[in-house]
Amino acid sequence: LRLTRTGRLDSTFGERGLAVFTHHNPTGTFGTDVCSVLVQRNGDVIVVGTAVGTTAEATSNEFTLVRFTPAGRVDPSFGREGLVQTVFVPSPGPTESASLEHAVSAFLRSDGRIVVGGTVDVFHNRGDDFGVAEYLPSGRLNPDFHDHGLMLINFHSNYDNDVATRPLTKHSIVMVGYNWEIGRAHV
């Protein structure tokens, strides 16, 4: 929603001040957990969070980004019809999830690239890791960032959880989190 300076819904944004994105999952339930709202230089609004999908066979969580125009309409030029969903580890089969992603923070770089940090639970492997994804302003993963736009960070334990991801300098990122298995904070 967008408010005016006087605290009223801005009727020029979306529908009566509200911008809504509805994602249909024909095979099961769907929900979203929002962690960040980013405003690009041109006024586009990017909502960042975690999409949760559940079917009878599997559960999937993905880093999810939706972009709205300054007028509050879904921007079809961003990702696929305004929606970007990112899976760090491809599924080994149609009824299995290889990873569950949970976005917890995001920021815009000065050149418009989008950075999202969070926790990735890698099944059949090593448990939770820090995960970071970098996207181009168009919503595509940045092929020049680590492994085709994605990076997993493992502190050699099972429960590494990212809490915040921020720019440190123009060319670096700082991630802060914890490991609840051994009770240590990570920076």
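In this chain, numbering begins with 1 at the start of the sequence shown.
When side chains are defined from C-beta on, Phe63 counts as touching Tyr135, because their heavy atoms get closer than 4.5 Å. Taking the side chain as every heavy atom from C-beta outward, Thr86 and Leu150 approach each other to under 4.5 Å. Counting heavy atoms from C-beta on, the side chains of Pro167 and Ile173 never come closer than 4.5 Å. At least one side-chain heavy atom of Phe88 sits less than 4.5 Å from a side-chain heavy atom of Leu152. Considering only heavy atoms from C-beta on, Thr64 comes within 4.5 Å of Leu83 through its side chain. Here the side chains of Val48 and Val34 are not in contact, with every heavy-atom distance at 4.5 Å or above.
One distance of note links OG1 of Thr165 with CZ of Phe107; it measures 7.5 Å at 0.5 Å rounding. Note: Ser36 OG to Leu65 CG = 9.5 Å, rounded to the nearest 0.5 Å. Between atom CZ of residue Arg113 and atom CG of residue Leu108 there is a gap of 11.0 Å, rounded to the nearest 0.5 Å. Rounded to the nearest 0.5 angstrom, Asp75 CG and Ser138 OG are separated by 10.5 Å. Atom CG of Asn142 and atom NE2 of His148 lie 11.5 Å apart (nearest 0.5 Å). Interatomic distance, Ile46 CD1 to Phe78 CZ, rounded to the nearest 0.5 Å: 4.5 Å.
For the residue pair Gln85 / Arg80, no side-chain donor-acceptor distance below 3.5 Å is found, with atom types taken as modelled.
For the pair Arg166 (side chain) and Ser105 (backbone), a donor-acceptor distance under 3.5 Å is absent. Side-chain N or O atoms of Arg2 include none that pairs as donor or acceptor with a backbone N or O of Ala71 at under 3.5 Å. Within the 3.5 Å criterion, the main-chain N or O of Gly14 finds a donor-acceptor partner in the side chain of Arg73.
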Dump the intermediate steps for side-chain contact (heavy atoms from CB on, under 4.5 Å) on Leu9 and Leu1, then the final yes or no. CA-CA 7 Å; Leu9 285 175; Leu1 65 92; 3.9 Å; yes
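Shortest non-hydrogen contact noted between Thr50 and Glu101 is CG2-O, 3.2 Å. Shortest non-hydrogen contact noted between Leu38 and Ala106 is CD2-O, 3.7 Å. Across Val84 and Gly139, no two heavy atoms sit closer than the pair CG2-O, 3.5 Å. Considering all non-hydrogen atoms of both residues, Arg67 and Ser77 come closest at NH2-OG, 3.5 Å. Taking every heavy atom of both residues into account, Gly72 and Ala19 meet most closely at O-CB, 3.5 Å.
When each of Asp144, Leu141, Val115 is checked for a side-chain contact (heavy atoms from CB on, under 4.5 Å) with Glu134, only Val115 meets the rule.
Residues passing the side-chain contact (heavy atoms from CB on, under 4.5 Å) test with Arg8 are Thr4, Thr6, sequence neighbours excluded. Checked against side-chain contact (heavy atoms from CB on, under 4.5 Å), Val74 has the following partners two or more places apart in sequence or in another chain: Phe21, Phe68.
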